[in-house]
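Owing to the predicted nature of the structure, the values given are computational and were not obtained by experimental measurement. Numbers restart at 1 for each chain; the letters A, B, ... are given by sequence-line order, proteins then strands.
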2 protein chains.
Amino acid sequence: MTDTNQTDAVPGRAITTPRSGKASATIYDIAALAGVNPSTVSRALSKPGRVSAKTQQKILDAAEELNYQVNIFARALPTGRTQTVGLIVSDITNPAFFDIIRGAETAAASRDYTLMLAESTESAEHEMTAAKRMLATVDGLILASPRLANEEIQELAAKKPIVLINRRVDGVASIVADTETGVAEAVRHLAAQGHTSISYVAGPERSWMSARRWESIKARCDWHGMKLSQVASGMPTVEGGRRAAAVVKDGEATAVFCYNDLMAIGLMRELQGAGVSIPEQLSIMGFDNIFGSDFTTPPLSTIKSPLHELGVTALSRLLEFIVPGDQAGVVESSAGTAAGAGTTAPGAVGQAGAEAGGAAVAALSTELVLRGSTGAARPA
Amino acid sequence: MTDTNQTDAVPGRAITTPRSGKASATIYDIAALAGVNPSTVSRALSKPGRVSAKTQQKILDAAEELNYQVNIFARALPTGRTQTVGLIVSDITNPAFFDIIRGAETAAASRDYTLMLAESTESAEHEMTAAKRMLATVDGLILASPRLANEEIQELAAKKPIVLINRRVDGVASIVADTETGVAEAVRHLAAQGHTSISYVAGPERSWMSARRWESIKARCDWHGMKLSQVASGMPTVEGGRRAAAVVKDGEATAVFCYNDLMAIGLMRELQGAGVSIPEQLSIMGFDNIFGSDFTTPPLSTIKSPLHELGVTALSRLLEFIVPGDQAGVVESSAGTAAGAGTTAPGAVGQAGAEAGGAAVAALSTELVLRGSTGAARPA
DNA sequence: TTGTACGCGTTATCAG
DNA sequence: CTGATAACGCGTACAA
């Protein structure tokens, strides 16, 4: 049987489009069934304990029988809570994000929150549009590597709780991986291999993280007395990396850091296509350790980012703002710092920044992953 | 300055947690400002045209001034519409899905819908949980490669509009890529290279698409008089592919199809690790053409799926159910088939399946991408 | 502990 | 064409 049409199922049977899937049960229905008042039902279901054990049971049974399900919109109206959080990433197709996404999604699901996803396609404008749309619906928002200006982010943060990933903005909560450790290892390794001149292929201009990585590398190179230069900047994609190949090839550096793995892969492949052999003639180091970075030949040396943890942590942090009460969901129990920003009043000026539990920090640090794309420096 | 703490921003300034971001304007506010009745405002804003031009203008101006924004929850209460659709994928970290996700997200955003994302982590149970949670919130749902049983899917479809990707279930709308063309090309190619015995590494038991691909391959092999056997089945991941290596190695087949690229990559790498050279001793063919499939050595030959289009099309189709009115958003203008399932009454039995515009079909077909992992059959 | 009554922001159904 | 008014489903002071 040929099977070409892509739209429909078995012929003869129409696709069922439930116009009005029988109106699901309300607390009124269950109140009637249990012989109590709707408000009692509401109490029993939302704050267990403020109702007698037997009525509680009756209500629960009735709810079960009618397989009741709260109407979150009706609930959202009086409370403003939606049990939903948003996540905006700059590029869904960048594998670096899907670990973040999964981390956030998993953490959200485990706390009975639902995740809304949007992407900005590397555009500040799109990002703002998506953010605004989401803000109407969501209890809080996570911005991963946002391209927005600081003021725009603060503006958003004034409306709903916001947590940033890999970005710092005054007055806004943020989770950022510590680049220092990984970079220190990486530069030390390169130095040991005889490299003395390094270059950095930067990411987008608006990328806070790209600047941050540059700074870290710069600091370590200075320390080792190595020369560092930025040779280019472009889209954080494979194509962006390819575009940088020409400049890199003409440079004198014997090793190059790329803003991320995507660029590193693009750069490497383009260079190889032009006849330069990696790592004999040039060492290449990426960032993030994304899916596929070990598929290349040679496999990519890179600085691994705690992507998954970034997502999980950001979500936990966001939920702390939204539900100041519970401490659940945080995997590592940080030292002892109990009071977070959650308990401080709206405009309170507390020193919430002081807490940096040892465990949590370790979990968010970067780490060198040595593979085949780096090696000894070519003779001068 | 050392930069180790991952949680907070600049010291001295507390993180702002807007308890009550100034209650945004309601239609009452704008009614007062425009000197009309709230209900008139509602009309003017929701169904333009049913109000006089001048009051319309006054209202629009007032709304602009107060930068009014509908409260979607309040709206959802009477109407049931949320301007939100859900997408559930089986594995967020599978690159095959992110093109689908992006396609759906983009299409949704362009129609002013927001996308909710969840994953089932290859578990039917998780999938059901996620689906139920979403059902309460969304106007419709897309299930990409669901692991649910047919009855469960029909059960869901009875409540809200649902569109399946790469899965067929009686009575439920679905978008599936046509495997035939790509497979035909692939098998023909293998036959020309002298292969006479092929094997198939299957995906999960519950994967409808895995069975479908097997059938397509089987049909073509029969046609060419080639021998085909299924050697294994497992998780559709790199690891799953690795696990199949042992069995494949002992088999007599000189070429192997894998359920997807992830498995193909895993299989290839494991085999190479065991000393077998690809494609000299064994040809490997993947499915989907995911990100990274061209990074391997040799680069993977594969059958490309129209991932992005799958996402876009599924979303458009879903919206046709939700908003039967508009035809926008469909990129390719199909031949002439105007009437869709949208106009049929709830329980109507129409032959909605007959329409299969030429353009749309072509866009969803698969295609052979020949790279280095396939070659001439090894001598018997 | 439980019932009463009202508000949340919109849409929808009536009259006028 | 426009103005009242009643839902929509739930939370919650307040009273009993």
What is the distance, to the nearest angstrom, from the [atom1] atom on [X] to the [atom2] atom on [N]?
{"X": "B:Asn71", "N": "D:dC10", "atom1": "CG", "atom2": "P", "value": "16 Å"}
{"X": "A:Ile59", "N": "D:dG11", "atom1": "CD1", "atom2": "P", "value": "12 Å"}
{"X": "B:Tyr28", "N": "D:dT5", "atom1": "OH", "atom2": "P", "value": "11 Å"}
{"X": "B:Arg50", "N": "C:dT11", "atom1": "CZ", "atom2": "C1'", "value": "14 Å"}
{"X": "B:Gln83", "N": "C:dT11", "atom1": "CD", "atom2": "C1'", "value": "14 Å"}
{"X": "A:Ile27", "N": "D:dA7", "atom1": "CD1", "atom2": "P", "value": "17 Å"}
{"X": "A:Leu45", "N": "C:dT2", "atom1": "CG", "atom2": "P", "value": "14 Å"}

Which residues in [range] have at least one heavy atom lying under 4.0 Å from any atom of DNA chain D?
{"range": "residues 72-82 of chain A", "value": "A:Ala74, A:Arg75, A:Leu77, A:Pro78, A:Thr79"}
{"range": "residues 133-141 of chain B", "value": "none"}
{"range": "residues 33-41 of chain B", "value": "B:Val36, B:Asn37, B:Ser39, B:Thr40"}

Checklist line | Side chain of B:Ser42 - closest among D:dC10, C:dT10, D:dG11 | finding: C:dT10
Note to self: Can you tell me if B:Glu155 has over 12 outside heavy atoms packed within less than 6.0 Å of its CD?
What the structure shows: yes
Notebook entry, point to check: Of all heavy-atom pairs between B:Val51 and B:Ala44, which one has the smallest distance, and what is that distance?
Noted result: CG1-CB, 4.1 Å
Next item on the list: Give a yes/no on whether any side-chain N or O of B:Lys47 is located under 4.0 angstrom from OP1 or OP2 of C:dT11.
Entry: no
Next item on the list: Considering just the side-chain nitrogens and oxygens of A:Thr55, establish if one lies under 4.0 Å of OP1 or OP2 belonging to C:dT2.
Entry: yes
Check: Are the side chain of A:Thr129 and the backbone of A:Glu125 linked by a donor-acceptor contact shorter than 3.5 Å?
Finding: yes
All N/O donor-acceptor pairs, side-chain side in residues 62-82 of chain B, below 3.5 Å, sequence neighbours left out:
residue: B:Asn71; atom: OD1; partner: B:Phe73; partner atom: N; Å: 2.8
residue: B:Asn71; atom: OD1; partner: B:Ala74; partner atom: N; Å: 3.0
residue: B:Thr79; atom: OG1; partner: B:Arg75; partner atom: O; Å: 2.7
residue: B:Thr79; atom: OG1; partner: B:Arg81; partner atom: N; Å: 3.1
residue: B:Arg81; atom: NH2; partner: B:Ile322; partner atom: O; Å: 3.2
residue: B:Thr82; atom: OG1; partner: B:Thr84; partner atom: N; Å: 3.3
residue: B:Thr82; atom: OG1; partner: B:Thr137; partner atom: O; Å: 2.9
residue: B:Thr82; atom: OG1; partner: B:Asp139; partner atom: OD1; Å: 3.1

Please write out each protein N/O paired with an N/O of nucleotides 14-16 of chain C under 3.5 Å, distance rounded to 0.1 Å.
none

Next item on the list: Give one of base, sugar-phosphate or nothing for A:Lys54, where a contact means two heavy atoms less than 4.0 Å apart.
Entry: nothing
Item checked: Five-pair end axes of the helix from C:dT1-D:dA16 to C:dG16-D:dC1 and the angle they enclose, rounded to 10° -> 40°
